[in-house]
Amino acid sequence: MLIKAPKGTRDILPDEIHRWHYVEDKFSDICSRFGFQEIRIPLFEHTELFQRGVGDTTDIVQKEMYTFNDKGGRSITLRPEGTAGVVRSYIENGMASWPQPVKLFYNITAYRYENVQKGRYREFHQLGVELFGSPEADADVEVISLLYLFLESIGIRELSLNLNSIGCPSCRADYNKTLKAFIEPRLNRLCEDCIDRYQRNPLRILDCKEQGCINELKDVPYLLDYICSDCADHFEKVKEKLYAMGIPFTIDKKIVRGLDYYTRTVFEFVSKNIGSQGTVCGGGRYDGLIESCGGSPTPGIGFALGIERLLLEMDSQGIDVPLPSSPDIFIGVIGYKANLFAENLALKLRSDGITCHKDIMGRSVKAQMKYANKLNARLVVVIGDDEVESGKAELKDMSSGEVRMINIDTLLDRLKKFKQVNS
RNA sequence: GUGGGUGUAGCUCAGUUGGUUAGAGCGCCAGAUUGUGGCUCUGGAGGCCGUGGGUUCGACUCCCACCAUUCACCCCA
């Protein structure tokens with residue numbers, strides 16, 4: 001085989017697709033219960049959207065985007081995340097004049113040019129929600145509780161919700177000064193990356209993993225301790241409400257999030273079991289984003305959840321997903337005339353909602369039975385000339401091996417009853 | 001972009017100090033008296049031993065490069 005799937009992409013094969021459907025269906029179901037509606041957005045957008053939306057200083061924009069010029073000379077980029085596209089759609093479709101708040105969810109692929117490792121691919125899948133129009137802590141709580149209920153409903157345990165507030169632009173500007181003043185005397189002892197961050201985005205120095213930097217920053221002032229009273233109030237409310245709802249969380253003052261658009265509440269669901277890429281879900285408030293993308297000032301909050309990572313976590317917790325149901329019946333065939341008859345019969349059954357397989361390989365009866373067994377068919381009927389002639393056939397229950405003679409006319413009714421009893 | 005591990009059948013892996021037609025299990029296909037599965041047995045298909053170069057009389061085996069894959073750094077879902 002010469003052509004393989006590109007690095008960082010992979011096929012989701014039939015034997016695991018039910019796990020994906022399970023997660024996606026649950027998510028869509030929970031979102032609907034919260035009054036969120038699905039939106040589908042383009043796979044690619046104008047590059048500028050992500051530059052402005054995600055932020056010029058982020059790694060995503062600086063080195064991870066799949067960007068190309070189309071034949072009309074436009075710079076196009078494969079979406080590296082979902083929020084920017086949804087925000088663009090919000091503005092472009094005038095959702096500001098819809099009944100507020102606007103609550104959307106999505107199920108998308110996203111693309112980032114990074115080196116692959118466990119839980120990280122170049123094409124990956126995200127489930128996410130965005131809630132526009134409400135600056136209230138209630139909105140934060142609604143989004144977080146949606147996430148919580150979703151994870152709970154698929155059986156996730158022991159996943160910790162980490163919470164932080166990174167304030168608004170004004171308190172962040174103040175804090176940046178404090179932070180820089182603290183770091184400046186230690187700057188030459190920090191790693192190269194941090195020295196670079198010091199200029200571009202000093203906040204990010206906080207989550208540096210270098211042991212040397214961690215030591216130097218032991219007594220660093222945290223943004224959470226410096227946010228303005230409005231932001232602090234807001235955060236207090238969020239915590240209070242989560243507490244009152246019995247949703248467990250821990251405060252992690254180091255969460256800063258790698259995307260520029262976040263303000264105030266930021267949160268992550270992190271796992272220790274799935275390798276070093278443990279962030280299963282990340283999100284937060286982005287009150288300045290719509291405006292910076294050209295809309296009128298509108299608060300927003302959302303999260304994105306990596307499906308691959310969620311599935312890894314489900315594996316590690318031993319959560320099993322219901323298997324897809326087996327075929328109701330396999331129709332075996334002997335001879336040309338019987339085959340025609342069986343094809344008609346199969347079509348009739350299928351049009352009535354029966355899951356039906358029929359031999360299309362021209363195999364021996366024995367081989368057909370083996371195949372029916374591998375398919376895990378629940379019932380088998382074999383049609384030959386005798387059966388066409390008499391209108392009667394043997395119906396075999398594959399789990400018990402029991403056989404009974406039936407009129408073929410009654411097959412549909414029997415199958416319907418059998419399904420009711422056995423489902 | 002950087003560092004480590006690994007590349008032999010569809011999958012999981014053996015392969016002796018370099019030596020003739022490269023193996024196993026699972027899976028796939030066919031058969032075990034003529035129209036009935038699971039167990040068992042028999043047979044079959046399927047490998048440029050990741051690619052290219054080098055050392056050697058001789059390379060799956062040793063050396064180099066490249067590619068792929070995987071884990072990790074960075075960053076993120």
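Below, read A as the first sequence line, B as the second, and so on, with proteins coming before strands; counting in each chain starts at 1.
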Show the nearest heavy-atom pair for residues Thr298(A) and Gly133(A), with the distance to one decimal. CG2-N, 3.8 Å

Closest heavy-atom pair and its distance - Leu163(A), Phe235(A): CG-CE1, 4.0 Å

Integer-rounded Å distance: [N] [atom2] and [X] [atom1]:
X: Lys118(A); N: rU69(B); atom1: NZ; atom2: P; answer: 18 Å
X: Glu64(A); N: rG1(B); atom1: CD; atom2: C1'; answer: 12 Å
X: Lys63(A); N: rU2(B); atom1: NZ; atom2: P; answer: 12 Å
X: Asp59(A); N: rU2(B); atom1: CG; atom2: P; answer: 16 Å
X: Glu308(A); N: rU70(B); atom1: CD; atom2: C1'; answer: 17 Å
X: Ile255(A); N: rA77(B); atom1: CD1; atom2: P; answer: 11 Å
X: Leu151(A); N: rA77(B); atom1: CG; atom2: C1'; answer: 13 Å
X: Asn115(A); N: rU2(B); atom1: CG; atom2: P; answer: 9 Å

Assign [X] to base, sugar-phosphate, or nothing according to its heavy-atom contacts below 4.0 angstrom with the strands shown.
X: Gln277(A); value: base
X: Gly401(A); value: base
X: Gly128(A); value: nothing
X: Tyr121(A); value: base
X: Gln62(A); value: nothing

Tell me which residues in residues 354-384 of chain A put a heavy atom below 4.0 Å from RNA chain B, sorted by number, or none. Arg363(A), Ser364(A), Val365(A), Lys366(A), Met369(A), Lys370(A), Asn373(A), Lys374(A), Val382(A)

Rounded [atom1] spacing from [N] to [M] in Å:
N: rU8(B); M: rG15(B); atom1: C1'; result: 9 Å
N: rA32(B); M: rC71(B); atom1: C1'; result: 49 Å
N: rC60(B); M: rC48(B); atom1: C1'; result: 12 Å
N: rU6(B); M: rU42(B); atom1: C1'; result: 37 Å

Looking at the base of rG35(B), is there any donor atom on it, or on the side chain of Glu394(A), that sits under 3.5 Å from an acceptor on the other one? no

Does rU70(B) have OP1 or OP2 under 4.0 Å away from a side-chain N or O of Gln117(A)? no

So among Gln126(A), His125(A), Arg120(A), Arg10(A), which one has a side chain to side chain donor-acceptor pair (under 3.5 Å) with Glu308(A)? His125(A)

Return each pair, listed once, that meets salt bridge (charged side-chain N to carboxylate O under 4.0 Å, His left out) where at least one residue sits in residues 124-149 of chain A; pairs must be two or more places apart or across chains. Lys103(A)-Glu142(A), Asp138(A)-Lys241(A), Asp140(A)-Arg285(A)

Can you check whether Asp287(A)'s main-chain N or O pairs, donor with acceptor, with Thr263(A)'s side chain at less than 3.5 Å? yes

Can you give the dot-bracket line for RNA chain B, where a pair is Watson-Crick or G-U wobble with both atom distances under 3.5 Å, crossing pairs use [ ], and | marks a partner on another strand? (((((((..((((.....[...)))).(((((.......))))).....(((((..]....))))))))))))....

